[in-house]
Amino acid sequence: MVSICVEDPTMAAAVAQIASIKRAMVRRLAGNLGIARPGDDEDQRLQFMLDAARAPESCGPEIPVAPARGRVLSFAPQAVRPTATGYEVQHDGFRGRDAARAADVFDVMLHQVARRGGEAPFTPGQIEAGRTYAMLVERHSSVGLRCISVESQRGSGSAGGAFMDAVLAEGEVIRRMQAAIGTGMALEVLRETGARRDIPVRRLVDMVCLEGKSVTAALKAHGWSVYGDIRAQAYAAVGDALDRMRAAAPGR
């Protein structure tokens with residue numbers, strides 16, 4: 001067994017060079033992503049983490065910094081307002097500011113594709129359907145009651161009955177969206193290789209919408225290539241499913 005002495009000037013210089021290259025790569029990546037660049041020491045690292053979790057300036061200073069929340073993006077809330085000549089869509093943010101929302105997996109995938117110079121893999125309507133599905137499933141799961149239990153607990157009080165009706169209606173929307181996904185395969189193994197596994201469309205959609213995994217991550221988890229036609233086929237399978245889900249629950 002050969003031991004390496006870190007006191008060796010040559011080894012120390014090599015380690016310092018590797019660390020310097022790593023810092024440069026991280027800074028370059030941060031610059032490409034449009035986020036703050038990390039520093040060299042602990043104070044700078046913490047400041048980098050705080051800056052990355054800070055809401056964009058256009059949202060105003062009231063939104064607190066919350067690293068656990070993750071990256072925050074701005075969007076312009078809009079409303080239709082009367083004007084002297086009719087109606088027009090105007091910015092509707094508080095004191096003219098943008099609103100903020102947490103970045104999600106669709107933002108990640110759009111950024112990944114844009115960085116490669118490609119076109120957006122999903123339409124705004126498809127993304128809306130995916131986010132709606134995720135929101136409904138998360139909210140419905142938090143009720144803590146299975147549908148059969150909810151049905152048996154519908155009380156005679158107007159408030160309780162209205163709540164249970166809303167829960168049941170929400171569950172029905174989720175069932176329609178899941179039925180629209182279908183039972184087909186997004187990617188199917190034609191020859192047994194021992195590495196790749198079939199990916200049902202439902203599993204792929206749930207990994208993206210409910211588990212927050214990118215299509216690339218889902219492919220890797222099932223042993224598939226993340227390049228070329230395979231990735232394009234997976235994106236298309238998710239997009240087609242989202243279109244069906246949107247049609248199955250128009251306006252929710």
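Values in this document were obtained by computation on a predicted structure and should not be read as measured data.
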| request: Report the distance from atom CD1 of Ile230 to atom OG1 of Thr216, rounding to the nearest 0.5 Å. | output: 12.5 Å
Over all heavy atoms of both residues, which pair between [X] and [Y] is shortest? Give the atoms and the distance, please.
X	Y	value
Ala249	Met177	CB-CG, 3.9 Å
Val113	Ala120	CG1-N, 4.5 Å
Val105	Ser214	CG2-N, 3.6 Å
Arg176	Ala248	NE-O, 2.9 Å
Gln126	Pro121	OE1-O, 4.1 Å

Hydrophobic clustering (ILVMFWY, side-chain heavy atoms < 4.5 Å, transitive) - are [Y] and [X] grouped together?
X	Y	value
Leu187	Val226	yes
Val108	Ile127	no
Phe106	Met135	yes
Leu110	Leu242	yes

Got a list of side-chain donor-acceptor pairs under 3.5 Å for residues 198-212, not counting sequence neighbours?
unit_1	atom_1	unit_2	atom_2	d
Asp198	OD1	Val189	N	2.7
Arg202	NE	Asp206	OD2	2.8
Arg203	NH1	Glu211	OE2	2.5
Arg203	NH2	Glu211	OE2	3.4
Asp206	OD1	Tyr133	OH	2.9
Glu211	OE1	Lys213	NZ	3.4

| query | side-chain hydrogen bond (donor to acceptor under 3.5 Å, both in side chains) with Glu172: which residues, sequence neighbours excluded? | reply | Arg175
| Excluding sequence neighbours, so at least two apart, what forms side-chain hydrogen bond (donor to acceptor under 3.5 Å, both in side chains) with Arg54? | Asp51
| message | Restricting to side-chain contact (heavy atoms from CB on, under 4.5 Å), what partner residues turn up for Thr83, sequence neighbours left out? | response | Thr85, Glu88, Gln90
| said: I want to check something: taking the side chain as every heavy atom from C-beta on, are Arg97 and Glu62 in contact at a cut-off of under 4.5 Å? | reply: yes
| request: Please collect all salt bridge (Lys or Arg N to Asp or Glu O under 4.0 Å) contacts where either partner lies in residues 118-138, sequence neighbours excluded, each pair once. | output: Asp104-Arg131, Asp107-Arg131
| said: Given 3.5 Å as the limit, does a donor-acceptor pair link the side chain of Arg197 with the main chain of Glu188, or not? | reply: no
| side-chain hydrogen bond (donor to acceptor under 3.5 Å, both in side chains): pairs with one or both residues in residues 219-241, sequence neighbours excluded | none
